[in-house]
Amino acid sequence: MKSIAIIYGSSTENTKNAAEKIAEHLSDYSPTLVDIYDGEEEPFLAHDVLILGASTWGVKDLQDDWSDFYHRFEKLDLGGKTVALFGLGDSFIYPDSFVDAIGIVYETLVEKGCTIIGQVSPEGYHFDYSRALVNGVFVGLPLDDDNDADLTDERIEKWVESLKPHLD
Ligand SMILES: Cc1cc2nc3c(=O)[nH]c(=O)nc-3n(C[C@H](O)[C@H](O)[C@H](O)COP(=O)(O)O)c2cc1C
């Protein structure tokens with residue numbers, strides 16, 4: 001069984017809540033749950049699988065704690081890691097930059113040589129543009145607690161199940 005870290009940044013606790021739910025679904029794996037606000041590099045390096053959560057705060061803008069950490073994140077040697085991404089956004093007010101943060105982090109991880117798991121079909125989401133949509137699929141799990149909170153639990157559960165074959 002692989003060791004897992006769930007690392008998130010969250011300003012109004014939506015991503016934090018999602019991270020905690022993901023951790024509950026993965027309790028058999030005893031994941032380490034980390035707030036990126038703590039500024040620790042060790043959780044990124046010490047685990048086989050990283051599940052990274054970032055909300056979007058404006059076009060090209062990561063959540064504040066992710067922004068503060070990003071220059072260090074870019075320097076981390078994460079080559080060979082398996083990574084799954086999730087992100088909170090608002091598809092109604094920000095339909096042209098919906099969950100862009102997932103796309104931004106994804107691009108950095110691809111440059112580092114990570115294996116990305118947990119792609120998601122855009123079916124059922126309503127938006128015009130997302131940097132997280134690559135070749136017709138989301139490269140991580142988009143969640144929208146501002147408009148579709150009633151779908152969050154179901155989306156998380158389905159997504160975590162899709163990750164499990166990669167975690168043993
Ligand atoms: C000023 C502001 C800008 C935002 N910009 C975006 C955006 O560009 N794209 C998007 O999908 N969501 C955007 N959002 C929505 C947040 O990402 C969303 O509320 C999310 O749930 C916040 O998660 P957090 O509490 O974990 O930080 C924005 C929200 C605010 C208040």
Side-chain angles (χ1 to χ4, degrees), residues 4-27 31-41 43-44 47 49-74 76 83-110 116-160 162-163:
I4 302 174
I6 302 171
I7 305 169
Y8 64 89
S10 187
S11 295
T12 65
E13 302 211 335
N14 290 336
T15 309
K16 179 177 193 262
N17 291 335
E20 287 171 354
K21 286 178 186 171
I22 292 167
E24 275 171 33
H25 286 291
L26 290 171
S27 57
T32 300
L33 192 59
V34 181
D35 188 336
I36 202 167
Y37 172 81
D38 296 340
E40 290 177 63
E41 295 185 9
F44 286 92
H47 298 273
V49 177
L50 305 175
I51 300 181
L52 306 181
S55 51
T56 304
W57 286 80
V59 181
K60 294 190 184 162
D61 274 346
L62 293 160
Q63 185 269 341
D64 279 353
D65 305 318
W66 263 102
S67 282
D68 291 347
F69 189 77
Y70 216 72
H71 65 286
R72 290 166 64 200
F73 176 66
E74 285 180 306
L76 294 177
V83 185
L85 300 167
F86 67 100
L88 274 287
D90 181 335
S91 59
F92 186 72
I93 299 186
Y94 304 97
D96 297 320
S97 56
F98 180 50
V99 295
D100 271 7
I102 294 177
I104 295 168
V105 177
Y106 167 81
E107 289 163 21
T108 301
L109 293 168
V110 168
I116 311 296
I117 58 171
Q119 286 80 2
V120 171
S121 161
E123 207 176 308
Y125 291 91
H126 304 282
F127 64 100
D128 295 323
Y129 174 81
S130 174
R131 191 161 163 181
L133 197 71
V134 178
N135 297 326
V137 289
F138 283 117
V139 291
L141 174 68
L143 296 169
D144 184 347
D145 279 5
D146 296 294
N147 306 289
D148 291 331
D150 53 326
L151 297 176
T152 293
D153 286 356
E154 179 188 327
R155 284 172 169 167
I156 287 176
E157 197 174 340
K158 192 172 161 196
W159 185 66
V160 170
S162 82
L163 301 182

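Start at 1 with the first residue, then count along the sequence. Both counts, for ligands and for their atoms, begin at 1 and track the order of listing.
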Side-chain donor or acceptor of [X] paired with backbone N/O of [Y] under 3.5 Å:
{"X": "Y125", "Y": "P142", "answer": "yes"}
{"X": "D90", "Y": "D146", "answer": "no"}
{"X": "S55", "Y": "L88", "answer": "no"}
{"X": "S10", "Y": "T15", "answer": "yes"}
{"X": "D38", "Y": "E40", "answer": "no"}

If you count the atoms of ligand 1 from 1 in the order shown, which ones are under 4.0 Å from a heavy atom of [X]?
{"X": "S11", "value": "24 (P), 25 (O), 26 (O), 27 (O)"}
{"X": "G58", "value": "3 (C), 4 (C), 5 (N), 6 (C), 7 (C), 8 (O)"}
{"X": "G89", "value": "10 (C), 11 (O), 12 (N), 17 (O)"}
{"X": "S10", "value": "24 (P), 25 (O), 26 (O), 27 (O)"}
{"X": "F98", "value": "11 (O)"}

Once you round to the nearest 0.5 Å, how far does [atom1] of [X] lie from [atom2] of [Y]?
{"X": "D144", "Y": "H126", "atom1": "CG", "atom2": "NE2", "value": "10.0 Å"}
{"X": "L141", "Y": "I156", "atom1": "CG", "atom2": "CD1", "value": "6.5 Å"}
{"X": "W159", "Y": "L143", "atom1": "CH2", "atom2": "CG", "value": "8.5 Å"}

message = Under a 3.5 Å threshold, yes or no: a donor from one side chain and an acceptor from the other, between D100 and T56?
response = no
Which residue and atom name correspond to the protein heavy atom nearest [atom], and how close is it?
{"atom": "atom 28 (C) of ligand 1", "result": "Y94 CE1, 3.2 Å"}
{"atom": "atom 20 (C) of ligand 1", "result": "L88 CB, 3.7 Å"}
{"atom": "atom 15 (C) of ligand 1", "result": "D90 CB, 3.6 Å"}
{"atom": "atom 9 (N) of ligand 1", "result": "S97 O, 2.9 Å"}
{"atom": "atom 13 (C) of ligand 1", "result": "T56 O, 3.0 Å"}
{"atom": "atom 23 (O) of ligand 1", "result": "S55 CB, 3.3 Å"}
{"atom": "atom 21 (O) of ligand 1", "result": "N14 ND2, 2.8 Å"}
{"atom": "atom 11 (O) of ligand 1", "result": "V99 N, 2.9 Å"}

task = Would you please determine whether D146 falls within less than 4.0 Å of ligand 1 on a heavy-atom basis?
result = yes
Does any N/O atom on [X] come nearer than 3.5 Å to any N/O atom on ligand 1?
{"X": "T12", "answer": "yes"}
{"X": "D145", "answer": "no"}
{"X": "E13", "answer": "yes"}

message = Please compare F92, W57, W66 and report which has the shortest non-hydrogen distance to atom 30 (C) of ligand 1.
response = W57
Lys/Arg-Asp/Glu bridge criterion (N-O < 4.0 Å) met for K16, E20 = yes
inquiry  = Which label fits W66 and F44: parallel for a plane angle under 30°, tilted from 30 to 60°, or perpendicular past 60°?
reply    = perpendicular
